[in-house]
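The next block holds one structure in the form of structure tokens; read it before the comments.
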Number of protein chains: 2
Amino acid sequence: MTNRLETPEYRVFSRFLIAHAKLMREFDATLREVCDIPLSWFDVLVHVSLEPGQRVTHTRLGERTLMSQGGVTRLVDRMVKAGLVARRASRADRRKSYVVLTDSGREKLAEAMPTQLDSIQELFVQHLEDGDTEVMDGFFRRVLGLE
Amino acid sequence: MTNRLETPEYRVFSRFLIAHAKLMREFDATLREVCDIPLSWFDVLVHVSLEPGQRVTHTRLGERTLMSQGGVTRLVDRMVKAGLVARRASRADRRKSYVVLTDSGREKLAEAMPTQLDSIQELFVQHLEDGDTEVMDGFFRRVLGLE
DNA sequence: TGTCAATACTTTCTATGTCAACTATTGCTT
DNA sequence: AAGCAATAGTTGACATAGAAAGTATTGACA
């Protein structure tokens, strides 16, 4: 039964899981050490800043960060308390509430972005050789059902 | 600043993250639906069964499942309560306690293994084309610092 | 042999996330 | 316009995991 676990394909899968765990751990540890924020906060800062108008609804933020709605509310709560983001009620639709960066949030992002980009470079991108990028991009697109 | 986010390499990294989240979600959902256990329990069952003598110490189980020691204790607690595994004190070293499968645990594994192997096949392995396996294996090995 | 650092596991405290129920608001349909 | 399903966000109950301190046991070494 477990012999199917010993194929090269399964081994790749297994390494995929371990690599993911390792990367997440190190990204989080580095961001906490250098910038004093967890990876989840960095994610929010980035996704707010990437949005047109530098503002996101909770729902969209949930899609981007792959979190549940309740989870987003609480994550944003903590970041509001820390002063990195603020909520701004939408005029057009009073159910909506936009998440925006505060000055402090913008500063924190400017500080954390190079840190995180360096980590990604060092732990992930650096190991991409020759055609690896294209191969892996194709693979992940298929996994995600894109195109 | 964010322009480095728009390179093909970063895009691969981003898809890697999204793919991981998607796969974990679906594996867990399928195992819960079909076999009524979470992915974390399946992981434990597999790692116990793969061990020589079909028994693992908590410490080793933690290394295998990438979990903290306290996390392992409680995860095993829950599975003991559910009757899938049991703890067996070590004679040689009375600090150690081995985790072993119960009959019920062995049955559950026999039921869950094909389910999970099918999921992995369908959601991951199926999308590996031609030389993809070798390319990705090499990449993940480098990421993990193997060899 | 007595001491003490290391090891194995447990436990407490806390952080964080999910699910489902709830509230408010919107906008479609008649 | 009234009714009502859909949408946005919050909240309560609960599940789970990590960090660090605590307990028991082992083994090395003076």
Side-chain angles (χ1 to χ4, degrees), chain A residues 17 20-22 24-33 36-44 47-48 51 55-82 84-100, chain B residues 17 20-22 24-29 31-33 36-44 48 51 55-82 84-100:
Chain A
L17 297 185
H20 180 272
K22 171 182 171 164
M24 293 308 102
R25 238 177 263 268
E26 304 206 5
F27 291 151
D28 190 69
T30 302
L31 281 171
R32 280 177 196 273
E33 248 175 64
D36 200 37
I37 57 169
L39 180 56
S40 57
W41 290 25
F42 174 78
D43 252 18
V44 170
H47 287 297
V48 175
E51 211 67 19
R55 59 180 200 180
V56 229
T57 61
H58 285 204
T59 299
R60 187 167 180 81
L61 191 53
E63 290 163 7
R64 295 295 169 194
T65 57
L66 309 170
M67 280 186 55
S68 68
Q69 213 159 47
V72 169
T73 294
R74 289 194 169 104
L75 177 52
V76 171
D77 279 349
R78 293 191 296 271
M79 294 183 69
V80 167
K81 197 175 294 180
L84 297 177
V85 299
R87 287 191 170 97
R88 269 209 337 232
S90 160
R91 286 208 180 184
D93 183 343
R94 292 191 340 216
R95 291 169 303 183
K96 286 186 186 166
S97 137
Y98 289 107
V99 179
V100 300
Chain B
L17 297 185
H20 180 272
K22 172 183 170 162
M24 293 307 103
R25 237 178 263 270
E26 304 207 4
F27 291 151
D28 189 69
L31 281 171
R32 282 178 195 272
E33 249 175 62
D36 201 37
I37 57 170
L39 179 56
S40 58
W41 288 27
F42 174 78
D43 251 16
V44 170
V48 175
E51 211 68 17
R55 59 179 201 181
V56 231
T57 61
H58 284 203
T59 300
R60 187 167 180 82
L61 191 54
E63 290 164 6
R64 295 296 169 192
T65 58
L66 310 170
M67 280 186 56
S68 68
Q69 217 160 44
V72 169
T73 293
R74 268 181 306 242
L75 177 52
V76 171
D77 280 348
R78 276 174 262 141
M79 294 182 68
V80 168
K81 197 174 297 179
L84 297 178
V85 299
R87 288 190 170 97
R88 268 207 339 231
S90 162
R91 287 209 179 184
D93 184 342
R94 291 195 337 218
R95 291 169 302 181
K96 286 185 186 168
S97 136
Y98 288 107
V99 179
V100 299

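FYI, side chains are in, hydrogens and waters are out, and symmetry mates aren't considered; it's all heavy atoms of this structure. Below, chain A is the first sequence line, B the second, and so on; all start at residue 1.
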Measure [atom1]/[X] against [atom2]/[N] and give the value in whole Å, please.
{"X": "A/Met79", "N": "C/dA15", "atom1": "CE", "atom2": "C1'", "value": "16 Å"}
{"X": "A/His58", "N": "C/dT18", "atom1": "NE2", "atom2": "C1'", "value": "17 Å"}
{"X": "A/Trp41", "N": "C/dA15", "atom1": "CH2", "atom2": "P", "value": "11 Å"}
{"X": "A/Asp93", "N": "C/dA24", "atom1": "CG", "atom2": "P", "value": "15 Å"}
{"X": "A/Glu63", "N": "D/dT7", "atom1": "CD", "atom2": "C1'", "value": "12 Å"}
{"X": "A/Met67", "N": "D/dG9", "atom1": "CE", "atom2": "C1'", "value": "14 Å"}
{"X": "B/Leu39", "N": "D/dT16", "atom1": "CG", "atom2": "P", "value": "12 Å"}
{"X": "A/Leu75", "N": "C/dG17", "atom1": "CG", "atom2": "C1'", "value": "10 Å"}

Closest approach to the side chain of [X], judged atom by atom: which nucleotide of [options] is it?
{"X": "A/Arg32", "options": "C/dG17, D/dT25, C/dT16", "answer": "C/dT16"}
{"X": "B/Thr57", "options": "C/dC9, C/dT18, D/dT16", "answer": "C/dC9"}
{"X": "A/Arg95", "options": "D/dT10, C/dC9, C/dT25", "answer": "C/dT25"}
{"X": "B/Gln69", "options": "C/dA8, C/dT18, D/dA17", "answer": "C/dA8"}

For the residue pair [X] and [Y], establish whether any side-chain heavy-atom pair is separated by less than 4.5 Å.
{"X": "A/Val44", "Y": "A/Met79", "answer": "yes"}
{"X": "B/Arg64", "Y": "B/Asp43", "answer": "no"}
{"X": "A/Thr65", "Y": "A/Leu75", "answer": "no"}

Respond yes when some side-chain nitrogen or oxygen of [X] is under 4.0 Å from OP1 or OP2 of [N], and no when none is.
{"X": "B/Arg87", "N": "C/dT10", "answer": "yes"}
{"X": "B/Thr73", "N": "C/dT11", "answer": "no"}
{"X": "B/Thr59", "N": "C/dC9", "answer": "yes"}
{"X": "A/Arg74", "N": "D/dT11", "answer": "no"}
{"X": "B/Arg94", "N": "D/dT25", "answer": "yes"}

For the residue pair B/Gly62 and B/Val72, what are the closest heavy atoms and their distance?
->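 Where B/Gly62 meets B/Val72 most closely, the heavy atoms are CA-CG2, 3.5 Å.
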
Hey, which sits more toward the 5' end of DNA chain D by its nearest nucleotide, A/Lys96 or B/Leu66?
->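 On the 5' side of the pair lies A/Lys96.
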
Option from A/Arg87, A/Lys96, A/Gln69, A/Glu63 for which side chain to side chain donor-acceptor pair (under 3.5 Å) with A/His58 holds | A/Arg87

